[in-house]
Asker: 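My questions all concern the structure below.
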Amino acid sequence: MALMNWREMHGDAFEGGQALVTGGAGFIGSHLSEALLDLGATVVVLDDLTGGDVANFETYRDRAGDRLRFIEGSILDESVVADAVAGCRWVFHQAAWGSVPRSVAMPDRYHAINATGTMNILEAARGAGVARVMFAASSSAYGDTPTLPKVETMPVRARSPYAANKSYGEALMRAWANSYGDSGLDTASLRYFNIFGPRQNANSAYAAVIAAFAKALLAGERPVIYGDGEQSRDFTFVDNAVHANLLAARHDAPLLGEVFNVACGQRVTVNELAAAMARQLGRPELTPEHKDDRPGDVKHSLADLSLIKQTLGYKPVVAFEQGLAVTVDWYRQIAAGV
Ligand SMILES: NC(=O)c1ccc[n+]([C@@H]2O[C@H](COP(=O)([O-])OP(=O)(O)OC[C@H]3O[C@@H](n4cnc5c(N)ncnc54)[C@H](O)[C@@H]3O)[C@@H](O)[C@H]2O)c1
């Protein structure tokens with residue numbers, strides 16, 4: 001499914017190594033797992049299926065053979081986590097509950113999974129001699145500051161329990177690398193900006209905007225936009241997030257919990273997005289229906305990519321338009337039952 005030839009970009013850096021991908025049955029985690037398997041690694045997927053689906057890795061399960069091990073379990077279960085991490089050189093910690101509004105409704109549950117769960121992963125990684133933990137952080141850490149682009153040196157301004165959990169996760173990453181580096185543990189946090197692509201769940205009540213638009217358009221309905229649609233986002237195709245994770249994992253100097261933006265570095269308005277998707281699906285007449293602004297929505301988001309470019313040699317590998325075409329096509333095939 002990946003557009004990328006990961007071998008060309010990452011050579012044999014992962015060949016024969018073992019990685020744990022928490023949340024590997026989810027959207028981003030399943031793409032990461034697939035890339036690692038293509039690169040010759042053995043992958044342990046730990047996922048409790050509260051948000052993911054085994055269908056996300058069914059397409060490559062056969063190809064992977066015994067190099068893919070799936071453990072259905074929770075990051076909150078210490079013995080399960082210890083089993084999953086044993087023998088792993090890298091941990092890609094993607095497991096979490098997403099959705100800002102749901103986190104507002106269930107702050108304690110979110111804290112348990114996204115914050116305590118993250119500490120469980122770090123503790124198990126330390127005990128197992130893991131070389132580096134990559135953490136799925138979030139651009140929600142920037143809060144509602146209007147300053148653009150968002151630079152990692154800006155203060156954290158978490159405005160929801162979800163954003164607070166994710167920011168705390170970053171703090172844990174930095175603390176564990178600095179406190180327990182002697183055991184060989186290193187960490188990095190990757191602040192994802194609006195990741196999209198095939199396998200992103202369109203059925204959740206909290207579906208990301210591209211998934212929600214695809215679902216509406218394919219059902220012959222007008223996509224709903226909250227506000228005037230002139231809000232913009234740094235929409236980032238999932239292969240770019242995978243690439244950033246792989247670069248961080250194989251970086252040859254300590255990263256000590258450094259926080260990196262992961263994005264495309266391009267701003268697209270929600271109106272432009274809706275028009276592009278309607279065009280691609282051959283339904284330009286399905287113009288958006290505008291509803292009231294959602295309180296707390298940030299007007300614009302755009303990442304500064306200087307740090308990740310300089311430190312890890314990252315640059316986006318799939319442009320927004322190309323990624324959108326692949327994604328729309330995937331939703332079309334799913335809707336057609338292909
Ligand atoms: N998609 C984005 O735009 C975006 C942006 C910023 C950060 N993130 C972060 O990236 C990560 C992956 O996001 P995604 O979009 O792939 O979401 P996703 O929901 O598809 O994947 C998360 C996975 O974690 C699993 N999970 C949840 N709780 C678990 C638990 N207690 N134990 C084990 N597994 C558990 C779910 O079943 C799911 O498969 C998350 O940490 C998310 O917060 C995503």
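Note that ligands are numbered from 1 as they come in the structure, with each ligand's atoms numbered from 1 the same way.
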Asker: What does the list of residues with a heavy atom under 4.0 Å from ligand 1 look like, ordered by chain and number?
Answerer: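 Lining ligand 1 at under 4.0 Å, by heavy atoms, one finds G23, A25, G26, F27, I28, D47, D48, L49, T50, G51, G52, G73, S74, I75, Q94, A95, A96, W97, I113, A136, A137, S138, Y162, K166, Y192, N194, I195, Q200.
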Asker: If you draw the axis of the six-membered ring of W97, does the NZ or CZ of R102 fall within 45° of it and under 6.0 Å from the ring centre?
Answerer: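 Verdict for W97: a cation-pi partner in R102.
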Asker: More than 12 heavy atoms of other residues, nucleotides or ligands under 6.0 Å from CD of E289: yes or no?
Answerer: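 Atom CD in E289 is crowded, with more than 12 foreign heavy atoms closer than 6.0 Å.
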Asker: Is the number of heavy atoms from other residues, nucleotides or ligands under 6.0 Å of K299 NZ greater than 12?
Answerer: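 Above 12, so yes.
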Asker: Kindly assign one of parallel, tilted or perpendicular to the pair F27 and H31, based on the angle between their ring planes and the thresholds 30° and 60°.
Answerer: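 Perpendicular: the ring planes of F27 and H31 meet at over 60°.
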Asker: What is the ring orientation for F14 with W90, classed by angle as parallel under 30°, tilted 30 to 60°, or perpendicular over 60°?
Answerer: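 The arrangement is tilted - the two ring planes meet at 30° to 60°.
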Asker: List, by chain and then residue number, the residues other than M154 in its hydrophobic cluster (Ile/Leu/Val/Met/Phe/Trp/Tyr, side-chain heavy atoms under 4.5 Å); write none if there are no others.
Answerer: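 Listed partners: Y142, V151, F193.
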